[in-house]
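Since the structure comes first, as structure tokens, the remarks are kept for the end.
Residue numbers start at 1 and run along the sequence shown.
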Amino acid sequence: MITFPKPDVEQFLRTFSIADFAVSPDEKHLVFSTNLSGKYNLWGMDLPNSFPYPLTSIDQSCQGLIYDKKSRFIIAGFDQDGNENTQFYGVPLNGGTMKEIVNHENTRNFMPKLSNDSKKLYYTTSRGNPSFLNSYCLDLESGQERLVLEGKDAATYLFGFSPDEETLLYYKHFANTYTLLYAKKGNEDILLTPPTEKQHTVNDGVFVSDSMIYLLTDYDSDFTYLASYNLETNKFCKVKELKNESFTAITYSKENQLLYITSQKGVEDQLYEINLQNENWRNIPVPCSVINKLEVAASGTLYLFGMSATKPHNIYKNTGDEWVSLTKYTVPGVDSNELVEPDIITYPSFDGREIESLFFRAKKENDNGEVIFWPHGGPQAAERKFFRASFQFFLNNGYSIFAPNFRGSTGYGLEFMKMVEGDWGNGPRLDNVAGLDWLIDQRHAQKGNILLMGGSFGGYMALLLHGRHADYFKAVVDIFGPSNLFSFINSVPEDWKPVMDQWVGNPEKDKEKLIEFSPITYLESMIKPMLVIQGANDPRVVKEESGQIVQALKDKGRDVDYMLLENEGHGFSKKENEIAVYQKILSFLKQFTAVTEKV
């Protein structure tokens, strides 16, 4: 009998990911963006076969992926090494030479939409209006384009159009907690929620006829619900809401007159179907905890892209009775029993508010007694039952992970989400401190012996907690986190800048508060060993954010290691970089890890 050694820990990092997918209208072809080769490219499948083949070899991630309405070609957007300056290309169904469709240097392009005859491409762009954006209609045959929407007052995105293409649907993004949806018919702009001074959001909408729109909004509510708007009567109507759930995306099946709605409830998603003829409503069981995207074919077949804490990204097809996995992504060479599901716990914060958290506990045979405290990014996002290869990598190495959904997180209502706005460094910080205290009180960790790590806003919070509460930690990892809120506000993409006053603060009116909330204010207290990771092309948190605090700490003689990735942006799109980063982090953490009897 042959016995095999335990899987190498690096195998966890060799798990492949999917970033997006689309299904051709005739359902004979499927395309998805994946790092199956180690770098992101487009791969195709000839359905019903599920053996993939490469369509591109440009080694870039995709943003925006659609088929033409007659299943003849694909429109795809690509940036360059994470710079987020997405340009659009035509891609043949079976791969080959791509054709430039929209390519303007140093511009950001968003949300491509094809007309019903696939002869025109609608898209939103930073070209000519970098703060508020414009939308154009490009004739794919003549190359002529016309301006169809000029952004004013807020970043303005073309969302869709009516079946007859006479009415445009667009939204204005004033803040992450303040978005308004409009219909534009001729020169008339119609607000689709009743006028109010109270901020609210509309996060999705779809035409079911030339005059009827269904939308998802939290107007006059804390959680997002399904509503309708009739353009003929100008009537807004609440249709369906569920307690403590926020509807997140809506898809329409014209042939069957069915709406499909995904919802977020805390750390997991649900899928619902509503029949517009009889108003029947039902829950559809799904094969994953988090739904990334849902597509409905003309036949009524559902295609879903999702994941769970112990299941990587996969694409599923609903056959009526069950979901069939079209992709077979697993952790290579690792049995599912080796993976760790999180416990869902709650703890009281400084003001009595309950904070939900995921607690991944290393298996007994691996447990080294160490806990990594992980504040998530966003901050108006949440730690959910995602599959994170890095989490399973650290868990297999013996590190437990505690990930709280502090105030500002999504999934707990608009009021909770708003609590981070203009308050980056106070309430959320104290929620995290309460989580640290819970770990200590429950004897999962000892004060001064906790490892701290986060990315993006989580990197910011790691820096701030290090500066203000260093006595909880023994080592800190910051992955592209802002270090100085003044320089951060000035360096974000232009279309982000109009929201910064509400989101973070105004550099003049809120000067004292921004000084208090900036990690770089607390250099004297940052005395623990630190590792900083940064992508050189990051447009959201530019490399100077990491560079300035690394240099300032080194000038003070502090122990700081800095890893700059020259061909990455705000994340890790290349598998060799991802592996190198987490191997570097593991090596760093092991310096401070002693296998001792658990507290």
Side-chain angles (χ1 to χ4, degrees), residues 108 110-111 113 122-126 129-135 147-162 166-208 211-241 246-250 252 261 263-264 380-381 408 410 413-418 420-422 493-504:
R108 292 157 57 84
F110 311 88
M111 304 173 70
K113 306 282 183 185
Y122 294 84
Y123 68 99
T124 300
T125 179
S126 66
N129 191 358
S131 295
F132 302 133
L133 311 178
N134 289 331
S135 295
L147 179 69
V148 295
L149 193 63
E150 183 179 1
K152 296 177 181 178
D153 307 320
T156 304
Y157 300 84
L158 179 64
F159 205 73
F161 37 77
S162 58
E166 294 296 320
T167 307
L168 300 179
L169 199 60
Y170 70 93
Y171 75 92
K172 289 192 171 189
H173 184 267
F174 296 94
N176 292 338
T177 57
Y178 185 27
T179 55
L180 298 178
L181 190 66
Y182 294 82
K184 182 179 181 64
K185 187 168 186 177
N187 294 323
E188 185 181 11
D189 294 273
I190 304 167
L191 176 64
L192 300 185
T193 48
T196 176
E197 292 184 2
K198 186 177 180 181
Q199 292 189 0
H200 59 280
T201 68
V202 184
N203 56 9
D204 206 352
V206 63
F207 278 96
V208 299
S211 60
M212 180 62 76
I213 300 166
Y214 281 86
L215 58 147
L216 305 182
T217 181
D218 50 27
Y219 166 78
D220 202 27
S221 178
D222 197 28
F223 287 83
T224 305
Y225 56 88
L226 176 67
S228 65
Y229 192 94
N230 189 317
L231 293 174
E232 291 182 350
T233 63
N234 290 324
K235 183 179 180 181
F236 171 89
C237 180
K238 179 182 286 190
V239 176
K240 183 75 173 182
E241 63 180 333
S246 280
F247 297 160
T248 52
I250 183 171
Y252 177 54
I261 297 170
S263 82
Q264 179 181 352
Q380 287 161 321
T410 56
L414 182 64
E415 178 189 350
F416 191 79
M417 189 177 172
K418 274 188 164 294
V420 72
E421 292 180 338
E494 289 300 315
D495 51 297
W496 285 32
K497 289 182 178 178
V499 310
M500 299 306 280
D501 277 12
Q502 176 169 325
W503 194 35
V504 186

Close side-chain approach of Leu180 to Phe174, heavy-atom, < 4.5 Å
yes

Gln199 and Lys418: side chain donor to acceptor below 3.5 Å
yes

Indicate yes or no for a side-chain donor-acceptor contact from Asp222 to the backbone of Glu415 under 3.5 Å, with no hydrogens or angles considered.
yes

Please list every donor-acceptor pair under 3.5 Å in which a side-chain atom of residues 166-173 meets a protein atom from a residue at least two apart or in another chain.
unit_1: Tyr170; atom_1: OH; unit_2: Asp189; atom_2: OD1; d: 2.6
unit_1: Lys172; atom_1: NZ; unit_2: Lys152; atom_2: O; d: 3.1
unit_1: His173; atom_1: NE2; unit_2: Asn176; atom_2: OD1; d: 3.0

Heavy-atom check, side chain of Glu494 versus side chain of Ser126, under 4.5 Å:
no

Mind checking whether Ile250 and Leu226 have side chains closer than 4.5 Å, heavy atoms only?
yes

When you measure from the side chain of Asn134 to the backbone of Gly151, do you find a donor-acceptor pair of N or O atoms at a distance under 3.5 Å?
yes

For a 4.5 angstrom cut-off between non-hydrogen side-chain atoms, does Phe110 reach Tyr123?
no

Could you walk me through whether Met212 and Ser228 pass the side-chain contact (heavy atoms from CB on, under 4.5 Å) test, one step at a time?
CA-CA 7 Å; Met212 180 62 76; Ser228 65; 3.9 Å; yes

State the CG-CG distance between Asn203 and Leu181, to the nearest 0.5 angstrom.
10.0 Å

Would you check if the side chain of Ser211 reaches a backbone N or O of Asn230 as a donor-acceptor pair within less than 3.5 Å?
no

Report the C-alpha separation of Leu192 and Val202 in whole Å, then their side-chain angles, then the decisive distance to 0.1 Å, and conclude whether the side-chain contact (heavy atoms from CB on, under 4.5 Å) test is met.
CA-CA 9 Å; Leu192 300 185; Val202 184; over 6 Å; no

Gln380/Trp503 under side-chain contact (heavy atoms from CB on, under 4.5 Å): CA gap, chis, key distance, verdict
CA-CA 10 Å; Gln380 287 161 321; Trp503 194 35; 3.1 Å; yes

For Thr124 and Leu158, indicate whether the former's side chain and the latter's backbone hold a donor-acceptor pair under 3.5 Å.
yes

Under the 3.5 angstrom rule, does the side chain of Thr217 hit a backbone N or O of Leu215 as a donor-acceptor pair?
no

Determine, using ring centers only, whether Phe247 and Phe223 are less than 6.0 Å apart.
no

Here the pair of heavy atoms bringing Tyr219 nearest to Pro194 is OH-CB, 3.3 Å

Under 3.5 Å side-chain donor-acceptor pair for Glu421 and Thr177:
yes

Side chains of Asp204 and Val206: closer than 4.5 Å at any heavy-atom pair?
no

Identify whether NZ of Lys or CZ of Arg in Lys238 sits under 6.0 Å from the centre of the six-membered ring of Tyr225 and within 45° of that ring's axis.
yes

Interatomic spacing from NZ in Lys198 to OG in Ser221 - rounded to 0.5 Å
8.5 Å

Distance check, rounded to the nearest 0.5 Å: Ser246 atom OG versus Glu241 atom CD?
10.5 Å

Are side-chain heavy atoms of Asp220 and Thr196 found at a separation under 4.5 Å?
no

Could you tell me whether Asp495 and Arg108 have a side-chain N and a carboxylate O separated by less than 4.0 Å?
yes

Close side-chain approach of Leu216 and Thr248, heavy atoms under 4.5 Å:
no

Between Pro498 and Ser131 the two heavy atoms that sit nearest each other are CG-O, 3.9 Å

Where do Tyr229 and Tyr214 land on the ring pair (Phe, Tyr, Trp, His ring centres under 6.0 Å) test, with the steps shown first?
CA-CA 6 Å; Tyr229 192 94; Tyr214 281 86; over 10 Å; no

Quick one: are the ring centres of Phe207 and Phe161 less than 6.0 Å apart?
no

Option among Thr179, Thr193, Thr224 that satisfies the side-chain contact (heavy atoms from CB on, under 4.5 Å) test with His200:
Thr193

Criterion side-chain contact (heavy atoms from CB on, under 4.5 Å) on Tyr157 and Leu133, from CA distance to verdict:
CA-CA 7 Å; Tyr157 300 84; Leu133 311 178; 3.5 Å; yes

